Amino acid sequence: MVAPATVAEAEGIQEQLRQRLDLHEHLTTAPRLVAGVDVSYDRSSPCVTAAAVVFDLATGVEVESAVVPGEVSFPYVPGLLAFREVPILLTALDRLAARPDLVVCDGYGIAHPRRFGLACHLGVVAGLPTFGVAKTPFVAGYDEPGGSRGDWSPLRADGEVLGRVLRTQTGVKPVFVSVGHRTTLHQATTLTLDLSPRYRLPEVIRRADFLSREALRRAQLD
DNA sequence: GCGACAG
DNA sequence: ATCTTGTCGC
């Protein structure tokens with residue numbers, strides 16, 4: 001399938017995919033293989049690299065990773081980020097030897113203008129449970145959470161709770177957690193904390209960010 | 001009508 | 001996302 005040619009077309013596809021979003025059938029057992037994904041961009045070309053990193057939660061050890069090069073074929077439009085990143089993220093996930101039980105995304109899930117952010121989109125097309133961890137506010141409003149690790153406050157819009165502003169480290173800026181596909185907000189919150197023992201962002205996201213950035217740097221030399 | 005706007 | 005030095009603090 002090729003990239004949408006227009007914003008209107010992308011919004012139509014987004015609406016179609018949203019029909020397949022599952023917010024009820026969620027993880028029933030603790031996930032063992034957790035993947036983190038991220039994309040790095042070149043500032044002056046369409047070249048990008050994506051990374052998918054898998055951790056075994058039972059041991060806390062990194063199991064495998066896949067890094068792939070590619071080119072973006074859709075412009076950045078707030079609310080349509082998935083059309084930029086999902087294609088190459090799917091490629092990266094396909095390169096993994098094992099299918100992860102969960103994928104943690106760098107961005108939003110349902111805390112999105114049309115309730116279908118990157119984490120929802122990737123979850124639906126990959127057929128995997130997902131949730132999103134974003135670094136900056138987007139569409140929902142919130143009150144500042146308490147200052148200690150684990151403190152959180154609801155992310156809301158239109159009278160709905162769309163996610164949580166979660167403090168993963170005491171005295172550090174909080175992150176914005178929202179459900180993607182087949183996960184609950186409670187699971188997303190608990191797992192984000194479990195995956196962030198030392199830094200603000202989940203380890204799987206930090207590793208994916210590092211690997212994709214490093215690969216892009218190498219690609220730029222050739 | 002005018003800004004704001006994940007990565 | 002990316003462009004970017006020093007600097008404050010543990």
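Everything numeric here is computed off the predicted structure, so don't read it as measured data. Within every chain, numbering begins at 1; the chains are lettered A, B, ... in the order of the sequence lines, protein sequences first and strands thereafter. For the numbers below, each heavy atom of this structure counts, side chains included, while hydrogens, waters and symmetry mates do not.
- Contacts of Q16(A) classified as side-chain hydrogen bond (donor to acceptor under 3.5 Å, both in side chains), with partners at least two apart in sequence or in another chain: none.
- Between the side chain of E9(A) and the backbone N or O of A5(A) there is at least one donor-acceptor pair closer than 3.5 Å.
- Under the 3.5 Å distance criterion, the side-chain polar atoms of R182(A) are left unmatched by any main-chain donor or acceptor of E25(A).
- In this structure, F131(A) and V104(A) have side chains that are in contact, with non-hydrogen atoms separated by less than 4.5 Å.
- Backbone-only contact: S40(A) has heavy atoms under 4.0 Å from sugar-phosphate atoms and none from a base.
- At least one donor-acceptor pair closer than 3.5 Å links the side chain of T130(A) to the backbone N or O of A119(A).
- Judged by a 6.0 Å distance limit and a 45° cone about the ring axis, R206(A) is positioned over the six-membered ring of Y199(A).
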For residues 135-143 of chain A, which side-chain donor-acceptor pairs fall under 3.5 Å, sequence neighbours excluded?
from: K135(A); atom 1: NZ; to: D106(A); atom 2: OD1; distance (Å): 2.8
from: K135(A); atom 1: NZ; to: D106(A); atom 2: OD2; distance (Å): 3.4

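- Looking at D158(A), its side chain never comes within 3.5 Å of a backbone N or O of E160(A) through a donor-acceptor pair.
- Ionic pairing of R95(A) and E64(A) is not present here: no N-O contact between side-chain nitrogen and carboxylate oxygen is shorter than 4.0 angstrom.
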The dot-bracket string of DNA chain B, counting Watson-Crick and G-U wobble pairs with both distances under 3.5 Å, using [ ] for crossing pairs and | for pairs to another strand, is .......

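- In this structure a side-chain-to-backbone donor-acceptor pair under 3.5 Å is missing from H181(A) to L21(A).
- At a non-hydrogen distance threshold of 4.0 Å, nothing from residues 179-196 of chain A comes into contact with DNA chain B.
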Which letter, B, S or -, goes with each nucleotide of nucleotides 2-7 of chain B from 5' to 3', with contact meaning a protein heavy atom under 4.0 Å?
---BBB

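- Using a distance-only test at 3.5 Å, with no hydrogens or angles considered, a donor-acceptor pair links the side chain of R167(A) to the main chain of V172(A).
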Scoring nucleotides 3-10 of chain C by protein non-hydrogen atoms under 4.0 Å (B base, S sugar-phosphate only, - none) yields S-------

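- Side-chain atoms of E85(A) and Y76(A) include no donor-acceptor pair closer than 3.5 Å.
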